[in-house]
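As the structure is a prediction and not an experimental result, all values here were calculated from the model. Below, all heavy atoms of this structure are taken into account, side chains as well, without hydrogens, waters or symmetry copies. Order of appearance sets the numbers: ligands from 1, and atoms from 1 within every ligand.
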Amino acid sequence: MVRELEKIGVLIVSYGARGAAMADAIHQSLEYKTELYVVDKQRNPLNVKLAVEHVVVEDLNIRDIVRFATRRQHKIDFALVGPEKPIIAGLRDAMERETTIPVICPTKQCAIEGSKVAQRNLFAQSIPSANPRYRVFDPAENKNEVKTRQAVYAWLTELGNGAVVKPDAPAAGKGVGVWGDHFSNREELFQHFLANLQYGKVIIEAKLDGEESSFHCLCDGKNLVRLPETRDYKRAFEGDRGPNTGGMGSYSSEKMVLPFLTQKDQEEELAIVNRIFNEMKKGIDVNELRGFPFYTAFIHTSDGPKILENNSRPGDPEILNILHLLKDDFANICYKVIEGNLTRVAFHRNASVAVYKAPPSYGGYRDVFPEKIASEVVDTPLNLEKIAQLEKKTRGKIRVFPAAVELRDDGSYPLSSRSVAVVAVGDTIAHAREQAFLGIDAIEGGALWSRRDIAHETHIQRSILHMDELRQKTIGGT
Ligand code: GLY
């Protein structure tokens, strides 16, 4: 006899391919018959297709999201939030105060992504060795430009000029600036610093030499459950050149340890995050940490792993790698997170590779490679027919997730941010990569481009060699 599945309603707050992948993972549930209610940044074609109700809240303001949820609360069992903006603004607090819907994301006070200064100070308290050398400049104490310049220059002397300028709040001012990338002399750095100081506190910290990894865990309030480690590609162009982006692609390994890291490196990451978790638990209802409180961007240096930043939400595209490897039912995992009994999550031992395709306006591509853009195809709708066939043919081993794509009456049009992500699994990283690019090349229209060295053997080898050099420095004590 076929068991009748329990029907559940799930609210997804979505932005980009991350939200679409989360909606899809819930929709794929074999344990529940799911009804999706999606609040979206725009009419994402996949979300529109999957949802029983889809609404656009362009700026994802929490008032409108809660209003939408309130009217449907009798049909919604829980909510899942992808993007940082509503998390930092306190969506969980407002939703749980005004409705009966439990929300999977940290509360406002536990969303430490909201303040880079608070993060650094928290790490200094819980595990100072995970911080680079840093100094916080407060606008209230830096009103005199001459004195401020002196203080900044003195700090740069201590750092040997190798510095990173970080505004306290995400996206305030002109954002993060790196010595050697965004400025090549002190005055340029100082002007960037001043432009940010008018919006609030600014950190100047040591620029670190190392290899980056993305650590993720799920938290049910009591336990941290580690998810597969991934490598993100932040720079726009091949060879890690060009401006920082939201992430052009990412990979994970079938070995569950990234090729340039050791088991010990990954254990150290977990130990660091646990120290922060234990510090944060003091004096709060631990339940407030529920969700993805630690998407921690690590950099592995000759002096061990350091934290570049911590996010209070899943990474995009990294969550695509993670969800695509899930063995357990995602809706079930979500229930365990809410009930506080998530002790483990099972994953397929495969590699996965995610790659984004972006429009010419993204990442400065149009300015750097004008000759590669066929202008007549820029404003055409996307053709996702071929990749839909690939999805079927590979029985979902290759998947496509629309991101900044808008469904209109005559088709799906790319907007100005990352457009479409493809994620694929394989026995090895090379195999998963080959499959992911098969998918990427099957997407037509919009003059989209992607970074072709994502998960490429040469790039991975370079990371391995770089880590070898850094480990030699550790041994040699230089
Ligand atoms: N992959 C970078 C981010 O999600 O912030």
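Between Y233 and Y251, the two ring planes are tilted [angle within 30° to 60°].
Per-residue contacts place G246 under 4.0 angstrom from the following atoms of ligand 1 (heavy atoms of the residue considered): 1 (N), 2 (C), 3 (C). Under a 4.0 Å criterion applied to the non-hydrogen atoms of R313, ligand 1 contributes the atoms 3 (C), 4 (O), 5 (O). Residue G315 approaches ligand 1 through these ligand atoms, each under 4.0 Å from one of its heavy atoms: 4 (O).
Put simply, no part of R18 is less than 4.0 Å from ligand 1, judged by heavy atoms. The closest approach between a heavy atom of D232 and any atom of ligand 1 is below 4.0 Å.
Ligand 1 has an N or O atom lying under 3.5 Å from an N or O atom of D316, backbone or side chain.
Taking atom 3 (C) of ligand 1 as the reference point, the nearest protein heavy-atom neighbour is Y295 OH, 3.3 Å.
No hydrogens or angles considered: a donor-acceptor pair under 3.5 Å links the side chains of H459 and D240.
For D329, the side chain to side chain donor-acceptor pair (under 3.5 Å) test picks out S29, with sequence neighbours left out.
Aromatic ring centres of Y356 and Y362: separated by at least 6.0 Å.
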task = Go through the steps to decide whether E211 and S463 satisfy the test side chain to side chain donor-acceptor pair (under 3.5 Å), and finish with yes or no.
result = CA-CA 6 Å; E211 288 294 318; S463 299; 2.8 Å; yes
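Annotation: cation-pi pair R313/Y15 absent, no NZ/CZ under 6.0 Å from the ring centroid and within 45° of its normal.
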